[in-house]
Amino acid sequence: MTRARVEPLPRWRVEEFLELPSTQTFLRERLQAGADVHGLVARAERQASGRGRGDKTWTSPPGGSYQSLALQDRWHGALRDPQLTLRLGVRLATELREAGAAASVKWPNDVYLGEGKLGGVLCVYVSGHRLVGVVVNVANQVPPNGAALVGWELTYVNELVLEAIRTAVAELLSDAAEPYDLPARFAPVDFLAGRSVMVRAGKRSVEGTAQ
């Protein structure tokens with residue numbers, strides 16, 4: 001039996017800016033204007049109004065890694081997978097660990113270094129495209145509860161992030177041939193493992209130890 005051909009991921013096309021309101025907003029506006037954004041990476045030295053989950057904003061002073069990329073979903077809806085955000089975080093934390101940083105993932109989309117928030121992953125699905133935004137603190141000023149990759153080269157971190165995204169998406173697209181065990185991948189980098197947590201679901205709440 002021959003395996004069905006899967007369209008390869010595109011080469012990244014990086015556009016760099018001194019400042020953007022938000023790299024993800026930039027890509028969304030390009031997409032809505034009819035531009036070909038498949039494989040496009042928007043990278044900014046700083047963001048005036050970076051986006052987080054829900055209505056949250058992310059302060060983005062100079063010195064950090066601020067990037068978003070777009071992929072047209074040419075794989076029959078595969079990029080709609082709701083696990084993608086977590087898978088991206090797990091891959092990023094894993095690569096950071098391999099590079100020497102004790103990174104972990106706080107479910108569902110925050111990346112931590114030790115006890116401080118290092119960055120985050122934001123995924124949205126718009127007009128048949130998956131937009132992926134990733135922020136990582138490097139040489140930028142961080143809040144009291146934050147952390148940064150002090151002493152790391154920003155260019156190296158930028159490329160590490162793009163490689164982590166490529167690997168995670170490639171694994172997602174090859175799942176039919178090589179099943180992906182998310183719990184097993186997540187466990188070694190799970191920030192909340194063993195901690196006391198409260199889970200709220202509507203009016204209900206449950207307290208316990210995260211496992």
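Remember, predicted model here, so these are calculated numbers, not experimental data.
- Both the sub-6.0 Å distance and the 45° axial angle are not jointly satisfied by R43 relative to the ring of Y66.
- Looking at Q24, its side chain does come within 3.5 Å of a backbone N or O of L122 through a donor-acceptor pair.
- Looking at V90 and T94, their side chains come closer than 4.5 Å, going by heavy atoms from C-beta outward.
- Hydrophobic clustering (side-chain heavy atoms under 4.5 Å, transitive across Ile, Leu, Val, Met, Phe, Trp, Tyr) groups V169 together with V41.
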Is there a side-chain contact (heavy atoms from CB on, under 4.5 Å) between V135 and Q47 once you walk through the steps? CA-CA 10 Å; V135 169; Q47 297 182 114; 4.1 Å; yes

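- Between R13 and V37, the shortest heavy-atom distance links the atoms NH2-C, 3.7 Å.
- Looking at heavy atoms from C-beta onward, L173 lies in side-chain contact with L9 at the 4.5 angstrom threshold.
- Between L27 and E29, every side-chain heavy-atom pair lies at or beyond the 4.5 Å cut-off.
- With 3.5 Å as the limit, one finds no donor-acceptor pair spanning the side chains of N109 and T85.
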Let me have the donor-acceptor pairs involving side chains of residues 190-205, under 3.5 Å, with sequence neighbours excluded, atom names and distances please.
from, atom 1, to, atom 2, distance (Å)
D190, OD1, L192, N, 3.1
R195, NE, F191, O, 2.7
R195, NH1, E115, OE1, 3.4
R195, NH2, E115, OE1, 3.4
R195, NH2, E115, OE2, 2.8

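- Residues that satisfy the side-chain contact (heavy atoms from CB on, under 4.5 Å) test with N145, not counting sequence neighbours, are P143.
- One N or O on the side chain of Q67 and one on the backbone of N158 form a donor-acceptor pair closer than 3.5 Å.
- No side-chain heavy atom of T23 sits less than 4.5 Å from a side-chain heavy atom of T25.
- Residues D73 and H129 fail the side-chain proximity criterion, which asks for heavy atoms closer than 4.5 Å.
- A donor-acceptor pair under 3.5 Å is absent between the side-chain atoms of R46 and the main chain of P61, judged by distance alone.
- Distance CG/L182 to CZ/R87: 7.0 Å, rounded to 0.5 Å.
- With rounding to the nearest 0.5 angstrom, the CZ atom of R80 is 14.0 Å from the CH2 atom of W75.
- Formation of a donor-acceptor pair under 3.5 Å by the E95 side chain with backbone atoms of V161 is not found in this model.
- The closest donor-acceptor contact from the side chain of R97 to the backbone of A102 lies at 3.5 Å or more, if one exists at all.
- Checked by atom type and distance alone, the side chain of D110 never pairs as donor or acceptor with a backbone atom of G120 at under 3.5 Å.
- Crowding of E153 atom CD: a count of heavy atoms from other residues, nucleotides or ligands under 6.0 Å not exceeding 12.
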Can you check side-chain contact (heavy atoms from CB on, under 4.5 Å) on L162 and R166, steps first, answer last? CA-CA 6 Å; L162 294 183; R166 178 175 292 278; over 6 Å; no

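- Here the shortest heavy-atom pairing between A99 and L160 reads CB-CD1, 4.2 Å.
- Between L88 and C123 the shortest heavy-atom distance is CD1-SG, 3.4 Å.
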Between V124 and R28, is a side-chain contact (heavy atoms from CB on, under 4.5 Å) present by the stated rule, with each step listed? CA-CA 10 Å; V124 297; R28 185 192 293 262; 3.9 Å; yes

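- G39 and P10 make their closest contact through CA-CG, 3.7 Å (heavy atoms, listed as atom of the first residue, atom of the second, distance).
- Cluster annotation: W152 and V142 are assigned to distinct hydrophobic clusters (Ile/Leu/Val/Met/Phe/Trp/Tyr, side-chain heavy-atom contacts under 4.5 Å, transitive).
- Heavy atoms only, all atoms of each residue included: A164 and R91 are closest at O-CG, 3.2 Å.
- A 4.5 Å side-chain heavy-atom check between L131 and L69 finds every atom pair outside the cut-off.
- Using a 4.5 Å heavy-atom threshold, the side chains of H38 and R74 count as touching.
- Across A93 and V105, no two heavy atoms sit closer than the pair CB-CG2, 3.7 Å.
- In this view, Y125 satisfies the ring pair (Phe, Tyr, Trp, His ring centres under 6.0 Å) rule with no residue, not counting sequence neighbours.
- You'll find the side chain of Y180 stays beyond 4.5 Å of the side chain of L172, heavy atoms only.
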Given side-chain contact (heavy atoms from CB on, under 4.5 Å), test L118 with L149 step by step and report yes or no. CA-CA 8 Å; L118 178 66; L149 297 172; 3.9 Å; yes

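- When hydrophobic clusters are built by joining Ile, Leu, Val, Met, Phe, Trp and Tyr residues whose side-chain heavy atoms come closer than 4.5 Å, directly or via intermediates, Y112 is not grouped with L86.
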